[in-house]
Undergrad: 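The structure under discussion is supplied below as structure tokens; questions concerning it will follow.
Order of appearance sets the numbers: ligands from 1, and atoms from 1 within every ligand. Computed over heavy atoms, backbone and side chain alike; hydrogens, waters and symmetry mates excluded.
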Amino acid sequence: MESNVLDVLKHYKDFDKLKSFGEYGNGHINDTYLIEYEGNNKIILQKVNKNIFKEPKKLMENISLVTSYLREKIIEKGGNPDRETLNLINTEEGNYFYEDSNSDIWRMYEFIDNAICYEQVTNTNEFYESGYAFGNFQNLLEGFPVNKLSEVIKNFHNTEDRFKTFKAILDEDLLGRAKSVQDEIDFFIKREEYSHIFNEALKNNEISLKVTHNDTKLNNILFDNATKKALCVIDLDTIMPGFAAFDFGDAIRFGANKGLEDEVDLSKVGLDIELFEAFTKGFLEACGKSLSKREIELLPMAAMVMTFECGMRFLGDYIAGDKYFKISREKHNLDRARTQIKLISDMEANIEEMKKIVAKYV
Ligand code: ADP
Ligand code: GN1
Ligand code: MG
């Protein structure tokens, strides 16, 4: 039977002090709840989406290993480990997750208070900050043994594989939706070449796999309300071996957009080149030294490829019947795909400018 939040909370301390709980955040994948206890104590409870993460216990092992490692590194550097990394809370039985009778996996994190995460930046400096934070995240994990991490979603950012899956969805066209979005489909099919660039670079040993975050959306960073600085990188589900440049690229895709990821009015959507510059500066300041010349050269292309891949995933999910990303309205995934298309077009028009900016901060 599926557990409800109360059933789960009984397995954690302070159940008798529970005051309230409610859904929280804007994630597309997991179910997140904010739980409040007497004395203004708050925690985050999440149910891992097992349709997407087929081996949730391995995912939890990744997170446990990575957060313990980050904690040590942050202490070494004189930081505050209670605010600069996520901290798992054990169940009363002493496990870092709770498994219910439906085989759902739940986890609890200390709530990082007096912090905020943004769907869109309110000023350029915030985006510089987020570039620095994601770059620094890679730096902190540089010495982490990659072989200890499970690949929680196979081929997660294998764009070639994503392209094949997209074509298979089109062939199947379960709901007959494809004909109504032929222009959008053609847009991606015409750009197949983007899907090969990073696979080729890996094959030619021009780039390598590193420990990466793989979901570097702006709303996966908490900002400190007091200092206004990026405080903590969150949403660690997809930490796996990946390309450093993709962490850069996915962050640009989401955060350097003038509009929201699901904006319906496409006149509001586009690449904000000032934001691109601010993020580039922050990212390269934090981790530029550990990137190879080729990795740095490929940063603008990584923004393009991540937007191409994500757009194709949104469109594919719309055609397949909205099975993957949470939606809150009809055609939500189609709207998301259209913003990505607009962004790609904008990036194509600005690619030389993007390259110049990257060169400026090396
Ligand atoms: P999803 O994978 O569904 O995106 P996230 O792990 O990103 O879920 O969490 C969703 C939201 O919950 C975040 O955007 C953030 O606002 C909030 N959140 C998550 N963990 C914490 C935490 N430890 N402290 C404070 N807020 C958090
Ligand atoms: C999902 O969980 P969330 O909302 O941070 C997705 C990312 C996509 C993103 C698009 C595990 O991220 O890959 O880029 O939506 N996460 C997973 O907004 O598929
Ligand atoms: Mg998230």
Undergrad: Distance under 4.0 Å to a non-hydrogen atom of Leu86: what atoms of ligand 1 satisfy this?
TA: 23 (N)
Undergrad: Below 4.0 Å, non-hydrogen atoms only: which portion of Asn220 touches ligand 2? Side chain, backbone, both or neither.
TA: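 Side chain only.
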Undergrad: Non-hydrogen atoms of Gln46 versus ligand 1: any pair closer than 4.0 Å?
TA: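 So Gln46 counts as touching ligand 1.
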Undergrad: What I want to know is whether His28 and ligand 2 share at least one N or O pair that is separated by under 3.5 angstrom.
TA: yes
Undergrad: I'd like to know if Glu129 and Lys228 make a salt bridge, using a cut-off of under 4.0 Å between side-chain N and carboxylate O.
TA: no
Undergrad: Quick one: does Arg107 get an N or O within less than 3.5 Å of an N or O on ligand 1?
TA: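 N/O-N/O distance under 3.5 Å: no.
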Undergrad: For a side chain to side chain contact (heavy atoms under 4.5 Å, CB included) with Arg83, tell me which candidate from Asn87, Thr85, Asn80 qualifies.
TA: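 It is Asn80; the other options fail the test.
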Undergrad: Give me the residue, atom name and distance of the protein heavy atom closest to atom 14 (O) of ligand 1.
TA: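 I find the closest protein heavy atom is Asn219 O, 3.2 Å.
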Undergrad: Relative to ligand 2, is Arg336 under 4.0 angstrom through side chain, backbone, both or neither, heavy atoms considered?
TA: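 It is neither; nothing of Arg336 touches ligand 2.
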Undergrad: List ligand 1 atoms under 4.0 Å from Cys117, heavy atoms only on the residue side.
TA: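 Close to Cys117: 14 (O), 15 (C), 16 (O).
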Undergrad: Minimum distance, heavy atoms only, to atom 1 (P) of ligand 1: which one of Thr238, Asn114, Asp235, Ile29 is it?
TA: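 Among Thr238, Asn114, Asp235, Ile29, the closest heavy atom to atom 1 (P) of ligand 1 comes from Asp235.
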Undergrad: Looking only at protein heavy atoms, which one is nearest to atom 2 (O) of ligand 2, and what is the separation?
TA: Ile29 CG1, 3.2 Å
Undergrad: Atom CD1 of Ile52 and atom CD1 of Ile153: how far apart are they, to the nearest 0.5 Å?
TA: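 One finds 6.5 Å between CD1 of Ile52 and CD1 of Ile153.
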Undergrad: Do the numbers put Arg313 on top of the ring of Phe325, so that NZ or CZ is under 6.0 Å from the six-membered ring centre and no more than 45° off the axis?
TA: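 Not flagged: Arg313 not positioned over aromatic ring of Phe325.
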Undergrad: Among all protein heavy atoms, pick out the one at the shortest distance from atom 9 (C) of ligand 2; state its residue, atom name and that distance to 0.1 Å.
TA: Lys217 NZ, 3.6 Å
Undergrad: Working to the nearest 0.5 angstrom, can you tell me the gap between Ile273 CD1 and Phe276 CZ?
TA: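 Reported to 0.5 Å precision, the distance equals 6.0 Å.
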Undergrad: Does the N or O separation between Asp235 and ligand 2 drop below 3.5 Å for any pair?
TA: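 By distance alone, the answer is yes.
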Undergrad: With the threshold set at under 4.0 angstrom, would you say Glu110 reaches ligand 1 through any of its heavy atoms?
TA: yes
Undergrad: Could you tell me whether Phe279 and Phe248 have their ring centroids closer than 6.0 angstrom?
TA: yes
Undergrad: Looking only at distances, can you tell me whether any N or O atom of Asn220, backbone or side chain, sits closer than 3.5 Å to an N or O atom of ligand 1?
TA: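 The answer is yes, given that Asn220 and ligand 1 share an N or O pair closer than 3.5 Å.
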Undergrad: Find all atoms of ligand 2 within a distance of less than 4.0 Å from any non-hydrogen atom belonging to Gly27, and give their numbers and elements.
TA: 4 (O)
Undergrad: I need the minimum non-hydrogen distance between Arg191 and Phe187, along with the two atoms involved.
TA: NH1-O, 3.1 Å
Undergrad: Measuring from non-hydrogen atoms of Phe156 to any atom of ligand 2, is the shortest distance under 4.0 Å?
TA: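 The answer is yes, since Phe156 has a heavy atom less than 4.0 Å from ligand 2.
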Undergrad: Work out whether the distance between some heavy atom of Asp215 and some atom of ligand 2 is less than 4.0 Å.
TA: yes
Undergrad: Show which atoms of ligand 2 fall inside a sub-4.0 Å distance from at least one heavy-atom site of Glu261.
TA: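 Ligand 2 atoms under the 4.0 Å threshold to Glu261: 10 (C), 18 (O).
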Undergrad: Any N/O/S atom, side chain or main chain, of Asn220 closer to the Mg ion (ligand 3) than 2.8 Å?
TA: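 It does: Asn220 brings an N, O or S atom closer than 2.8 Å to the Mg ion (ligand 3).
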Undergrad: Which residue supplies the protein heavy atom nearest to atom 19 (C) of ligand 1, what is that atom called, and how far is it?
TA: Ile234 CD1, 3.9 Å
Undergrad: If the cut-off is 4.0 Å to any non-hydrogen atom of Phe111, which atoms of ligand 1 fall inside it?
TA: 24 (N), 25 (C), 26 (N)
Undergrad: Give yes or no for whether the N/O distance cutoff of 3.5 Å, strictly under, is met between Ile112 and ligand 1.
TA: yes
Undergrad: Is the closest basic N to carboxylate O distance between Arg253 and Glu261 below 4.0 Å?
TA: yes
Undergrad: Has Asp14 got a side-chain atom pairing as donor or acceptor with Leu18's backbone, closer than 3.5 angstrom?
TA: no
Undergrad: Is the shortest side-chain N to carboxylate O distance from Glu61 to Lys57 below 4.0 Å?
TA: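 Here Glu61 does not pair with Lys57 in a salt bridge, since their nearest N and O are not under 4.0 Å apart.
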Undergrad: If the threshold is 4.0 Å, N to carboxylate O, is there a salt bridge linking Lys164 and Asp161?
TA: no
Undergrad: Once you restrict to heavy atoms under 4.0 Å, what part of Asn26 touches ligand 2? Side chain, backbone, both or neither.
TA: neither
Undergrad: Is the side chain of Asn214 donor-acceptor paired with the backbone N or O of Thr212 at a distance under 3.5 Å, no angle test?
TA: yes
Undergrad: In this structure, is the centre-to-centre distance between the rings of His213 and Phe134 below 6.0 Å?
TA: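 When the ring centroids of Phe134 and His213 are compared, they turn out to be within the sub-6.0 Å range.
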Undergrad: Which of the numbered atoms in ligand 2 are below 4.0 angstrom from a heavy atom of Tyr324?
TA: 11 (C), 17 (C), 19 (O)
Undergrad: Within this structure, what is the CG-CD1 distance for the pair Leu70 and Ile75, rounded to the nearest 0.5 Å?
TA: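 One gets 11.0 Å once the value is rounded to the nearest 0.5 Å.
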Undergrad: With a 3.5 Å distance limit and no angle check, can you tell me whether Glu295 reaches the backbone of Leu291 through a side-chain donor-acceptor pair?
TA: no
Undergrad: Relative to the heavy atoms of Phe53, which atoms of ligand 2 are at a distance of less than 4.0 Å?
TA: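 Every atom of ligand 2 under 4.0 Å from some heavy atom of Phe53: 11 (C).
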Undergrad: Between Asp317 (side chain only) and Lys323 (backbone N and O only), is there a donor and an acceptor less than 3.5 Å apart?
TA: yes
Undergrad: Go through ligand 1 atom by atom and flag the ones less than 4.0 Å from a non-hydrogen atom of Gly27.
TA: 1 (P), 3 (O), 4 (O)
Undergrad: Looking only at distances, can you tell me whether any N or O atom of Tyr24, backbone or side chain, sits closer than 3.5 Å to an N or O atom of ligand 1?
TA: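 N/O-N/O distance under 3.5 Å: no.
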Undergrad: Any carboxylate oxygen within less than 4.0 angstrom of a Lys/Arg side-chain nitrogen, looking at Lys203 and Glu200?
TA: yes
Undergrad: Starting from atom 11 (C) of ligand 1, locate the nearest protein heavy atom and write down its residue, its atom name and how far away it is, to 0.1 Å.
TA: Gly25 CA, 3.9 Å
Undergrad: Looking only at side-chain N and O atoms, does Asp104 offer a donor or acceptor that is under 3.5 Å from a partner on Asn102?
TA: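 Asn102 vs Asp104: donor-acceptor pair found between side chains.
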Undergrad: Which residue holds the protein heavy atom closest to atom 13 (O) of ligand 2, what is that atom called, and what is the gap in Å?
TA: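 Protein heavy atom at minimum distance: Arg313 NH1, 2.9 Å.
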Undergrad: If the cut-off is 4.0 Å to any non-hydrogen atom of Phe314, which atoms of ligand 2 fall inside it?
TA: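 Under 4.0 Å from Phe314, ligand 2 has these atoms: 10 (C), 18 (O).
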Undergrad: Among Ile63, Val66, Thr67, which residue satisfies the side chain to side chain contact (heavy atoms under 4.5 Å, CB included) criterion with Ile239?
TA: Val66
Undergrad: Could you pull out, from Thr32, Asp215, Ile44, Ile43, the option with a heavy atom nearest to atom 21 (C) of ligand 1?
TA: Ile44
Undergrad: Please find the N/O/S atom of Asp235 nearest to the Mg ion (ligand 3) and write down its name.
TA: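 Restricting Asp235 to its N, O and S atoms, the minimum distance to the Mg ion (ligand 3) goes to OD2.
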Undergrad: Which of the numbered atoms in ligand 2 are below 4.0 angstrom from a heavy atom of Arg253?
TA: 10 (C), 14 (O), 18 (O)
